[in-house]
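Below: the structure, in structure tokens.
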Amino acid sequence: MQQSDFFQSVFQVVKLIPKGRVTSYGAIAAYLGTKKSSRTVGYAMNASHAIPGIPAHRVVNRNGMLTGKMHFDTPYRMQELLELEGIKVEKDVVVEFKELFWDPTLELEL
DNA sequence: ACGCTGACGTAAC
DNA sequence: AGTTACGCCAGCG
């Protein structure tokens, strides 16, 4: 807790990601209105480990690559979690990423 | 208090 | 088309 509002907003969106779906840091940043701060979104995910209910494994980069897998308990943890949800991961890249992509600005925006 | 770094993304060369 | 540079925000040395 006590994270900046930016972090909280990021966590909020990540928690809303449906199972079996993925999103990108930039998409979250864009939803928050600061698409240029996509870096900070990823940084927020780094702090998400302290908060339960944050499926950080569902958040990948714009390329669909599991860039943050190394920050998990184990490097394969992220890929395994994704596969458990039905998301196929090959070479650290989400298969059919664009089809599994869940854009908050597209689903949450009014 | 200042500066570098980092789970990204876009623009420029 | 591949590589380099910059912006953004927060944490840490």
Side-chain angles (χ1 to χ4, degrees):
Chain A
M1 302 300 288
Q2 266 62 9
Q3 267 78 15
S4 302
D5 296 317
F6 192 88
F7 276 42
Q8 296 237 358
S9 300
V10 173
F11 300 143
Q12 201 91 317
V13 177
V14 174
K15 280 198 272 191
L16 291 171
I17 301 173
K19 185 185 171 212
R21 279 281 166 63
V22 291
T23 191
S24 64
Y25 308 95
I28 298 170
Y31 175 69
L32 299 176
T34 58
K35 74 172 189 180
K36 287 190 172 178
S37 55
S38 49
R39 274 182 81 159
T40 317
V41 175
Y43 200 77
M45 304 306 322
N46 196 356
S48 71
H49 80 88
I51 293 141
I54 307 294
H57 60 272
R58 291 184 190 152
V59 186
V60 294
N61 68 356
R62 209 268 185 231
N63 202 21
M65 186 175 175
L66 284 56
T67 42
K69 62 168 189 170
M70 43 186 77
H71 287 268
F72 279 75
D73 200 8
T74 58
Y76 351 83
R77 187 70 186 186
M78 190 173 184
Q79 180 172 334
E80 287 183 355
L81 287 169
L82 287 170
E83 291 183 333
L84 283 171
E85 295 186 355
I87 301 171
K88 297 196 177 96
V89 180
E90 203 167 305
K91 293 183 171 56
D92 302 339
V93 181
V94 176
V95 182
E96 303 282 302
F97 168 68
K98 58 178 193 165
E99 292 190 30
L100 296 171
F101 184 60
W102 181 81
D103 192 339
T105 60
L106 201 67
E107 304 290 331
L108 301 181
E109 69 135 355
L110 322 174

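Worth saying up front: this structure is predicted, and the values here are computed from it rather than measured. Below, chain A is the first sequence line, B the second, and so on; all start at residue 1.
The closest side-chain heavy-atom distance from A:W102 to A:L108 is below 4.5 Å. In this structure, A:E85 and A:H57 have side chains that are in contact, with non-hydrogen atoms separated by less than 4.5 Å. For the pair A:V60 and A:T67, the minimum side-chain heavy-atom distance is 4.5 Å or more.
By the 30° and 60° cut-offs, the orientation of the rings of A:F101 relative to A:F97 is tilted.
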Fill in: Summary of protein contacts for nucleotides 7-12 of chain B, nucleotide by nucleotide, where a base hit scores B, a sugar-phosphate-only hit scores S (4.0 Å, heavy atoms)
BBS---

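With no hydrogens or angles considered, no side-chain donor-acceptor pair links A:T40 and A:S37 at under 3.5 Å.
Counting to the nearest Å, the C1' atom of C:dC8 and the CZ atom of A:F6 are 8 Å from each other.
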